[in-house]
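Counting starts at 1 for both ligands and their atoms, following the listed order. No experiment lies behind these values; they were computed from the predicted model shown.
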Amino acid sequence: MQEVKNIKNILENIDKDHFHLLTEIGKISKEINQKSYLVGGMVRDLLLGFDNLDIDIVVENNAALLADTLVKKFPNCELSAKHDRFHTAKVIFHINGKKIPVDLATTREETYDNEKLAPLPEVTISELKKDLIRRDFTINALAVSLLPNNFGEIVDLFNGLDDLRNKKIKILHEKSFIDDPTRMIRAIRFAAKLNFEIEEKTQAFLKEVIESKQFDNLIEKIRGDRVKIEIRYLFNLPTIENAIKIFFESGVYRMVNTELAYKEVLKNRIKKAEEILWDHLDDIAEKWIIYLGLTVCDLTNSQKESVFINLHLPSGEIKTIKDGLKAGEKLQEKNIDSIKTFQVLKNHSIESIIIAKSLTQNNLIDEYINKTSKIKLNITGQDLIKLGVPQGKQVGEILDKILELKINNPEMSKEDEEEEAKKLILDLR
Ligand code: CTP
């Protein structure tokens with residue numbers, strides 16, 4: 001990456017509505033005597049040559065005023081949220097059929113009261129440097145001026161540009177991971193995603209926190225859903241094998257469960273899941289749940305339960321993992337045939353099926369995915385009721401049995417199915 005001091009030319013090449021918006025926000029800021037800066041992931045990614053249109057702006061020193069002025073000046077701008085306590089606001093622009101959200105935050109200094117249980121930062125108004133130093137890494141603490149006189153100029157107070165060039169993830173101060181332990185997961189996420197290294201001292205601080213006596217206390221203080229959000233990002237990365245490797249080698253796995261282990265068998269399962277997923281790219285948006293399932297596979301049931309509780313997983317996600325692990329176990333038994341595979345996998349989500357497939361050598365799972373799961377009956381529950389089956393669970397049981405017969409004989413017509421149904425009804429009587 002070349003030495004850059006101004007990214008106006010890069011901004012001119014992003015989507016033209018976003019570019020226009022940024023210049024307008026800069027002009028309005030000037031009119032109301034505010035300084036506004038683009039910050040965070042968008043700056044980082046644009047400098048790295050990636051697309052990122054998540055507009056995060058810090059305003060020196062009144063985000064609410066800028067938000068109100070934007071809403072007044074632009075009929076296509078609506079106020080979507082305003083948090084007086086945190087001095088933040090969110091507006092949404094409606095431009096050419098697009099919704100463009102813009103997050104606005106007042107430059108602020110956060111102090112964390114580490115004595116309290118769930119630490120919410122105390123916010124006091126301050127200037128840009130104090131705002132940037134409260135952020136996670138130097139590469140995320142770059143700001144770009146939006147004012148018309150120096151539009152695009154980079155404010156680099158912590159050598160973030162050097163770290164971008166040298167591919168380093170570096171915290172801004174030694175308390176960073178204690179202030180916000182989810183940053184430990186973010187550190188490895190950015191390392192795995194960008195193929196960066198965690199800078200030496202940052203690594204040492206991370207290790208110190210992970211191994212410290214207060215670690216359990218710290219983890220208890222963060223809301224589980226925040227850990228889940230970061231784990232989800234991490235396990236959704238395309239570079240999953242590397243992500244899992246760093247997850248274990250850094251010790252960050254301890255944030256999920258201290259008993260997890262990076263064994264050969266886990267590496268192989270992850271690799272296998274990755275290969276299987278290649279055939280299902282269109283079906284699966286959230287592959288992280290598959291990798292989480294495989295990662296917790298060898299924990300005891302009660303350890304698994306505590307992972308689910310700690311990560312605040314909703315019942316649907318817990319079911320996906322449990323179904324997948326259980327099916328994986330069953331399909332390793334002897335004498336498994338197409339019908340048994342069907343019985344084990346029916347009604348399971350594709351994510352559960354991929355967990356199961358990553359755990360076994362059972363080739364019949366492919367047959368289930370590609371063929372048996374697609375077989376449909378012509379006969380319906382209503383038809384069975386007409387034939388005299390009482391409404392209730394027997395209807396489903398008979399339909400299942402006919403479906404099993406059809407797996408071995410896919411050419412069955414509706415008449416054939418009715419014949420089989422009649423036989424089954426007689427057997428029941
Ligand atoms: N941030 C932080 N500590 C966190 C989360 C976020 O300091 N635990 C700061 C960082 O400066 C980050 C910015 O808030 O750049 C925006 O956060 P977020 O949108 O979560 O991350 P991005 O950096 O935008 O990354 P991504 O593009 O992956 O969303």
Identify the closest protein heavy atom to [atom]: which residue and atom is it, and at what distance?
| atom | answer |
| --- | --- |
| atom 7 (O) of ligand 1 | Asp136 N, 2.7 Å |
| atom 16 (C) of ligand 1 | Asp56 OD2, 3.9 Å |
| atom 29 (O) of ligand 1 | Tyr233 OH, 4.5 Å |
| atom 3 (N) of ligand 1 | Arg183 NE, 3.2 Å |

- prompt: Is atom 26 (P) of ligand 1 close to the protein, meaning a heavy atom under 4.0 Å from it?
  reply: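 Yes.
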Verify atom 19 (O) of ligand 1: protein non-hydrogen atom under 4.0 angstrom away: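 No, there is no protein heavy atom closer to it than 4.0 Å.
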Atom indices of ligand 1 within 4.0 angstrom of Gly40 heavy atoms, with elements: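 Once the distances to Gly40 are compared, the set is 15 (O).
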message: Only heavy atoms of Arg135, strictly under 4.0 Å: list the atoms of ligand 1 that pass.
response: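 Per the distance check, 7 (O), 9 (C), 11 (O), 13 (C), 14 (O).
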- prompt: Does Arg44 reach ligand 1, in the sense of a heavy atom lying below 4.0 Å from it?
  reply: yes
message: For Arg189, state whether at least one heavy atom is located under 4.0 Å from any atom of ligand 1.
response: yes
When you compare the side chains of [X] and [Y], does any donor N or O come within less than 3.5 Å of an acceptor on the partner?
| X | Y | result |
| --- | --- | --- |
| Glu367 | Thr341 | no |
| Gln343 | Glu404 | yes |
| Asn236 | Glu286 | yes |

Using a 4.0 Å heavy-atom cut-off, which part of [X] comes near ligand 1: side chain, backbone, both, or neither?
| X | answer |
| --- | --- |
| Phe190 | side chain |
| Asp180 | side chain |
| Arg186 | side chain |
| Asn52 | side chain |

message: Set out, in order, the CA-CA distance, both residues' side-chain angles and the distance that settles side chain to side chain contact (heavy atoms under 4.5 Å, CB included) for Leu65 and Val59, then state yes or no.
response: CA-CA 9 Å; Leu65 175 65; Val59 187; over 6 Å; no
message: Using 30° and 60° as the class boundaries, would you call the ring planes of Phe247 and Tyr253 parallel, tilted or perpendicular?
response: perpendicular
message: Check this for me - ligand 1, Asn140, N or O atoms closer than 3.5 angstrom, yes or no?
response: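 Yes - when backbone and side-chain N and O of Asn140 are compared with those of ligand 1, one distance drops under 3.5 Å.
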field: Cation-pi geometry met for Lys287 and Phe235 (6.0 Å, 45°)
entry: no
Salt-bridge present ([X], [Y]; N to O < 4.0 Å):
| X | Y | result |
| --- | --- | --- |
| Asp162 | Arg165 | yes |
| Lys27 | Glu24 | yes |
| Asp298 | Arg269 | yes |

task: Carefully, step by step, assess Thr138 and Asn159 under the rule side chain to side chain contact (heavy atoms under 4.5 Å, CB included).
output: CA-CA 7 Å; Thr138 57; Asn159 293 327; over 6 Å; no
